[in-house]
Amino acid sequence: MRIIKILLIMILIWPFVDTKIAKADDENDYKKYEGDVHKKHDDDYEEEDEDKEEDDDYDYYKEEDEYEYYDQRYLETSSNTWNIWTRSTYVNKGELPLKEAKEIQLKLENNTLSLYLIPLDGEIYVPGKIIAELLGAKVINYDNSKILEINKGDTELIFRSGTNVVYYNEIKSPIPAVTFYLNDNIYVPISVISNGLGYVAEWQEMNNAVVLKLLK
């Protein structure tokens, strides 16, 4: 008789027990799902952060104010200073070997390439990425910010389009003219990029070419 009573009691309370078990299982499943979702979102954010890092710039490159213009004063002289980076706001504007943009041979030891040089504001502009790579430097383009990062040995140059500033080994330095963006390239004065990487550009009238030589 006692066994029958126990069985009857179990039959009566079993639906409530089953409901609690099911509810507990649901809660566990929800917590597991919620954890998976949060983990997925965290992973997604990490992936987004990694993607952003590809075009991330250092803090002192991000701020527009950091790239304020230097007050340049141009002194018209007859001296040829187009190939010398004076690192000064007082810029001597000498006569350029080119009067208009045209395709010129650029020579470095046994390497020769042809590219358009642009005479502007007393400087000869060249595509920074191409010249840097020719000189054996590693280059990173930050397309969204229009920033060019160049590294060679212990030397780092950071240019930003639309400024007359370069960060030379993290030191903010003036350059003689404003950089600009054209055909997916940041154009910079050849004096700055060549001197900054330890070279000087020389004009060869007979060959209608620019030769890059090591600074002595």
Is it possible for you to say whether Val211 and Trp82 belong to one hydrophobic cluster, with membership spreading through side-chain heavy-atom contacts below 4.5 Å?
-> no

Spell out, yes or no, whether Val188 and Ile171 are grouped together once hydrophobic residues are joined by side-chain heavy atoms under 4.5 Å, including indirect joins.
->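 Unlinked, Val188 and Ile171 end up in two clusters.
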
Closest approach of [X] and [Y], non-hydrogen atoms and distance?
X: Gly162; Y: Val178; result: C-CG1, 3.4 Å
X: Val192; Y: Pro176; result: CG2-CD, 3.5 Å
X: Pro119; Y: Ala101; result: CD-N, 3.5 Å
X: Trp203; Y: Glu205; result: NE1-OE1, 2.8 Å
X: Lys152; Y: Leu197; result: CB-CD2, 4.0 Å
X: Leu135; Y: Ile193; result: CD1-O, 4.4 Å

Atom pair [atom1]/[atom2] of [X] and [Y] - distance to nearest 0.5 Å:
X: Tyr181; Y: Ile186; atom1: OH; atom2: CD1; value: 7.0 Å
X: Thr112; Y: Leu108; atom1: OG1; atom2: CG; value: 9.0 Å
X: Leu96; Y: Glu123; atom1: CG; atom2: CD; value: 7.5 Å
X: Glu202; Y: Ser194; atom1: CD; atom2: OG; value: 10.0 Å
X: Asp143; Y: Ile140; atom1: CG; atom2: CD1; value: 11.5 Å
X: Asn164; Y: Ser173; atom1: CG; atom2: OG; value: 11.5 Å

Glu149 and Asn151 side chains, donor-acceptor separation under 3.5 Å | yes

Does Tyr168 have Arg87 sitting over its ring (NZ/CZ under 6.0 Å from centre, angle to axis within 45°)?
-> yes

Please find out if less than 6.0 Å separates the ring center of Phe180 from that of Tyr125.
->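 Yes, the ring centres sit under 6.0 Å apart.
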
Would you find a donor on one side and an acceptor on the other, under 3.5 Å apart, between the side chain of [X] and the backbone of [Y]?
X: Asn169; Y: Glu156; result: yes
X: Thr155; Y: Gly153; result: no
X: Thr179; Y: Tyr187; result: no
X: Ser145; Y: Tyr142; result: no
X: Asn185; Y: Pro127; result: no

Worked check of side chain to side chain contact (heavy atoms under 4.5 Å, CB included) between Phe159 and Ile147 = CA-CA 6 Å; Phe159 296 93; Ile147 287 176; over 6 Å; no

For Lys102, check side chain to side chain contact (heavy atoms under 4.5 Å, CB included) against everything at least two apart and list the hits.
-> Leu98, Ile104, Asn208

What residues, two or more places apart in sequence or in another chain, satisfy side chain to side chain contact (heavy atoms under 4.5 Å, CB included) together with Glu103?
-> Ser114, Tyr116

Report the C-alpha distance between Arg160 and Leu148 in whole Å, list the side-chain angles of each, state the deciding distance to 0.1 Å, and finish with yes or no for side chain to side chain contact (heavy atoms under 4.5 Å, CB included).
-> CA-CA 6 Å; Arg160 184 171 193 167; Leu148 179 68; over 6 Å; no

Give the intermediate values and the outcome of side chain to side chain contact (heavy atoms under 4.5 Å, CB included) for residues Val210 and Gln204.
-> CA-CA 6 Å; Val210 172; Gln204 285 188 345; over 6 Å; no

Could you walk me through whether Val166 and Ile158 pass side chain to side chain contact (heavy atoms under 4.5 Å, CB included), step by step?
-> CA-CA 6 Å; Val166 63; Ile158 306 288; 5.5 Å; no

